[in-house]
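Quick caveat, the model's predicted, so the values are computed rather than measured.
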Amino acid sequence: QVQLVESGGGLVQAGGSLRVACVASGRTLSNYAVGWVRQAPGKEREFVAGISASGSSTIYADSVKGRFTISKGNTKDTVYLQMNSLKPEDTALYYCAADRRRTVTMNPIDYDYWGQGTQVTVSS
């Protein structure tokens, strides 16, 4: 079983950038597809970005395409989400999630393991 811990969230002005990280323990992330999913207050969880276990495939929600980039770190235990040109509507709790099936999916229900989340707040 893999444990996930997110970090790097914070408060940023609109137009700014943040990079959040997901660090795994227990198992290497090279065995899992990894996704970032966010949840704003009063809203359902929303898929943001995902990367396959091999790192060769990535997918993004239309709302973040061209602004966010998901990538794997060199250590194989870390996945990053680089967020540029942030908007107030990006404000949410950002979760890292891992899928044992290794192929990336946009459906939050498909992910097996979840971190506790890191808060991203974008002020206008």
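Side-chain contact between Thr69 and Tyr80 is absent, with no heavy-atom pair separated by less than 4.5 Å. Contact check for Val20 versus Met83: side-chain heavy atoms found under the 4.5 Å cut-off. Residues Pro108 and Gln39 form no side-chain contact, since every pair of their non-hydrogen atoms from C-beta on lies 4.5 Å or further apart. Side-chain atoms of Thr103 and Ser52, non-hydrogen and from C-beta on, never get closer than 4.5 Å to each other. Between Thr58 and Val104, the closest side-chain pair of non-hydrogen atoms is not below 4.5 Å. Side chains of Val122 and Leu18 form no contact here, defined as non-hydrogen atoms less than 4.5 Å apart.
Tyr113 is not connected to Met106 by any chain of hydrophobic side-chain contacts under 4.5 Å among Ile, Leu, Val, Met, Phe, Trp and Tyr, and they are in different clusters. When hydrophobic clusters are built by joining Ile, Leu, Val, Met, Phe, Trp and Tyr residues whose side-chain heavy atoms come closer than 4.5 Å, directly or via intermediates, Val23 is not grouped with Trp114. Under a hydrophobic-cluster definition in which Ile, Leu, Val, Met, Phe, Trp and Tyr are linked whenever side-chain heavy atoms come within less than 4.5 Å, directly or via other members, Val120 and Tyr60 are assigned to the same cluster. Note on Val79 and Val2: same hydrophobic cluster, where clusters join Ile, Leu, Val, Met, Phe, Trp and Tyr whose side-chain heavy atoms are under 4.5 Å apart, directly or indirectly. Hydrophobic clustering of Ile, Leu, Val, Met, Phe, Trp and Tyr side chains at less than 4.5 Å, counting indirect connections, unites Val64 with Tyr94.
Between Asp62 and Lys65 a salt bridge is recorded (basic side-chain N to carboxylate O distance below 4.0 Å).
Taken to the nearest 0.5 Å, the OG1 atom of Thr121 stands 11.0 Å off from the CG atom of Asp90. We find the NZ-OG distance between Lys72 and Ser56 to be 9.0 Å, quoted to the nearest 0.5 Å. Cys96 SG to Tyr111 OH: the interatomic distance, rounded to the nearest 0.5 Å, is 9.5 Å. Distance check: Leu86 CG to Gln13 CD gives 11.5 Å after rounding to the nearest 0.5 Å. In this structure, the separation between CD on Gln1 and CG on Asp112 is 9.5 Å, given to the nearest 0.5 Å.
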> Can you list the steps and then say if Leu29 with Asp77 is a side-chain contact (heavy atoms from CB on, under 4.5 Å)?
Replying inline: CA-CA 5 Å; Leu29 284 179; Asp77 294 326; 5.5 Å; no
> How far apart are the C-alpha atoms of Asn84 and Ser17, what are their side-chain angles, what is the distance that settles it, and do they pass the side-chain contact (heavy atoms from CB on, under 4.5 Å) test?
Replying inline: CA-CA 4 Å; Asn84 299 328; Ser17 298; 2.9 Å; yes
>> Could you go through Arg38 and Leu81, starting from their C-alpha distance and side-chain angles, then the distance that decides it, and tell me whether this counts as side-chain contact (heavy atoms from CB on, under 4.5 Å)?
In response: CA-CA 12 Å; Arg38 66 188 181 187; Leu81 182 68; over 6 Å; no
>> For Glu46 and Ser63: C-alpha separation, side-chain torsions, deciding distance, then whether side-chain contact (heavy atoms from CB on, under 4.5 Å) applies.
In response: CA-CA 10 Å; Glu46 174 192 20; Ser63 58; 3.5 Å; yes
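Heavy atoms only, all atoms of each residue included: Ala40 and Thr91 are closest at CB-O, 3.7 Å. Taking all atoms of both residues into account, the shortest heavy-atom contact from Leu4 to Ala24 is CD2-CB, 4.0 Å.
A donor-acceptor pair under 3.5 Å is formed between the side chain of Arg67 and the backbone N or O of Ser85. Glu6 contributes a side-chain N or O that, together with a main-chain N or O of Gln116, makes up a donor-acceptor pair within less than 3.5 Å.
Counting non-hydrogen atoms of neighbouring residues, nucleotides and ligands closer than 6.0 angstrom, the CZ atom of Arg45 exceeds 12 such neighbours. For Arg100, the CZ atom is loosely surrounded, since the number of other residues' heavy atoms within 6.0 Å does not exceed 12.
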Let me have the donor-acceptor pairs involving side chains of residues 30-37, under 3.5 Å, with sequence neighbours excluded, atom names and distances please.
residue, atom, partner, partner atom, Å
Ser30, OG, Thr28, OG1, 3.1

